[in-house]
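Here's the structure, in C-alpha cells; my notes come after.
The structure displayed is predicted, hence computed values, not measured ones.
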Amino acid sequence: MDIQQIRNATLVVTYANQVLLIDPFLGEKGSLPPFGQTPNAVANPLVDLPVDVKTLLDPDAIFVTHLHADHFDDAAKQLLPKHLPLYAQQEDAQQIREAGFTNVSSFDSGVTIGDIQVHRTGGQHGVGEIGERMGRVSGLVLTHPDEPTLYIAGDTIWCDEVAHAIEQHTPDIIVVNSGAAQFLTGEPITMSQRDLLAVHEAAAEATIIVSHLESVNHCLLRRDMIADFLAAFHLSAHFLIPEDGETMSF
C-alpha cells in the first residue's frame, strides 16, 4: 500500500493495485476565498499542489467524504473525467451528479472494488451548534486480504464514532485530519493535539498519519507544532507527518 499526501485532505491511495483519489481539492493557490469568521483571512488554498494536476485525473475510483469546498472544489468538478466511479455520502450523490458526474454511488452501505472492501465510518465535524452546521461527515475503512487495514477518519474530532471505528476494525494505518481548524468562537472542528493523543491511546499499535495541515486558512496547527508536541510525549515513532507530495509505503 502506498499513500501519497497531496494537499489538505487530498490523498492518492494505491491499495491492492487500485488507485483511489480521496477528497480531491485541485484548485490553484488562492483560488477560493478564505473561510469566514477565522483569525487568518487568507485566500485558499494556502499552497500550490505539489504535483502536476494532470497526474491526479486518472484514478480507478474517487471518494468524496463530504462536500465542503476544501474536499471537493470547483476545479475538481471541472477537471476530473465525469465517467470515473465516484463514491460519496447518500445525501451528496445527487449534487455531484448535477455537476456532470455519471457514475456516482453511495458508500453508506459499503463498497466492493475487486477484493477491496470499503466501509463507511461516522464522525463529528465539531461540537454544539458549529458541529451541527458542519453537517454529516464520513470516514472510510479499507480492507483486503493482502493489505494492511486502512482507516481514513475524515473531517472529525475525537468522538465516540472514531472510537467505535477503531474498536470494530482494528486498523493498522490511520489517517487523521488535523490542523485544529477553528473559527473565532467554538472548539476545533478537526483534530487537535489532544485528539491525536486519544487516537493513539485507542490504537496503540497503529501508525497514525497526520493530514489536513497548512493548506486552508482556519487550520492554525502546523506540522512543526505537532512534531514538537509528540516528541514531548515520546510518541514520535507512532506518527507520520508527511509533507505535501510525500509518499508513504506500507
Determine whether [X] and [Y] fall in the same hydrophobic cluster, where Ile, Leu, Val, Met, Phe, Trp and Tyr are linked whenever their side-chain heavy atoms lie under 4.5 Å apart.
| X | Y | value |
| --- | --- | --- |
| Val42 | Leu49 | no |
| Val13 | Ile116 | yes |
| Leu21 | Leu57 | yes |
| Ile22 | Ile96 | no |
| Leu79 | Val51 | yes |

Between the main-chain N or O of [Y] and the side-chain N or O of [X], is there a donor-acceptor pair closer than 3.5 Å?
| X | Y | value |
| --- | --- | --- |
| Thr14 | Val19 | no |
| His119 | Gly110 | no |
| Asp73 | Leu26 | yes |
| Tyr15 | Leu142 | yes |
| Asn40 | His218 | no |
| Lys82 | Asn103 | no |
| Gln5 | Gly245 | no |
| Ser215 | Pro45 | no |
| Thr156 | Gln124 | yes |
| Asn217 | Phe35 | yes |

Nearest atoms (heavy-atom pairs only) where [X] meets [Y]:
| X | Y | value |
| --- | --- | --- |
| Ala165 | Pro171 | O-CD, 4.5 Å |
| Ile130 | Gly186 | CD1-CA, 3.9 Å |
| Ser211 | Ala9 | OG-CA, 4.1 Å |
| Ala181 | Cys219 | CB-SG, 3.6 Å |
| Ala203 | Ile174 | CB-CD1, 3.7 Å |
| Phe25 | Ala69 | CD1-O, 3.5 Å |

Is a donor from one side chain sitting under 3.5 angstrom from an acceptor on the other, for [X] and [Y]?
| X | Y | result |
| --- | --- | --- |
| Asp23 | Thr65 | yes |
| Ser106 | Gln89 | no |
| His71 | Asp155 | yes |

Whether His125 and His66 hold their rings parallel, tilted or perpendicular, with breakpoints at 30° and 60°: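 Ring orientation of His125 relative to His66: perpendicular.
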
Whether Phe72 and Phe101 hold their rings parallel, tilted or perpendicular, with breakpoints at 30° and 60°: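 Ring orientation, 0 to 90° scale: tilted.
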
Quick one: are [X] and [Y] in side-chain contact, heavy atoms under 4.5 Å?
| X | Y | value |
| --- | --- | --- |
| Val118 | Leu20 | no |
| Gln4 | Asp2 | no |
| Leu56 | Ile6 | yes |
| Pro39 | Leu184 | yes |
| Asn8 | His212 | yes |
| Asp146 | Asp115 | no |
| Arg194 | Trp158 | no |
| Val111 | Ser105 | no |

side-chain contact (heavy atoms from CB on, under 4.5 Å) partner of Tyr151, the single match among Asp172, Thr121, Thr170: Thr121

[X] side, atom [atom1]; [Y] side, atom [atom2] - distance, nearest 0.5 Å:
| X | Y | atom1 | atom2 | value |
| --- | --- | --- | --- | --- |
| Leu196 | Phe229 | CG | CZ | 7.0 Å |
| Gln95 | Asp92 | CD | CG | 7.0 Å |
| Glu214 | Leu220 | CD | CG | 10.5 Å |
| Ile152 | Ile209 | CD1 | CD1 | 9.0 Å |
| Ile189 | Phe183 | CD1 | CZ | 4.0 Å |
| Leu221 | Met191 | CG | CE | 12.5 Å |

Take atom [atom1] of [X] as the centre, draw a 6.0 Å sphere, and report whether it contains more than 12 heavy atoms from other residues, nucleotides or ligands.
| X | atom1 | answer |
| --- | --- | --- |
| Glu98 | CD | yes |
| Gln94 | CD | yes |
| Glu246 | CD | yes |
| Asn17 | CG | no |
| Gln37 | CD | no |

Test log, rule side chain to side chain contact (heavy atoms under 4.5 Å, CB included), inputs Asp60 and Ile113: CA-CA 9 Å; Asp60 294 300; Ile113 303 173; 6.0 Å; no

Candidate pair Ser192 and Ile157, rule side chain to side chain contact (heavy atoms under 4.5 Å, CB included), full reasoning: CA-CA 8 Å; Ser192 65; Ile157 57 174; over 6 Å; no

Trace of the salt bridge (charged side-chain N to carboxylate O under 4.0 Å, His left out) decision for Asp224 with Arg222: CA-CA 6 Å; Asp224 63 320; Arg222 303 186 310 270; 2.9 Å; yes

Step-by-step side chain to side chain contact (heavy atoms under 4.5 Å, CB included) determination, Asp195 to Val176: CA-CA 10 Å; Asp195 293 331; Val176 296; over 6 Å; no

Side chain to side chain contact (heavy atoms under 4.5 Å, CB included) between Leu230 and Asp228, intermediate numbers included: CA-CA 6 Å; Leu230 296 173; Asp228 289 346; over 6 Å; no

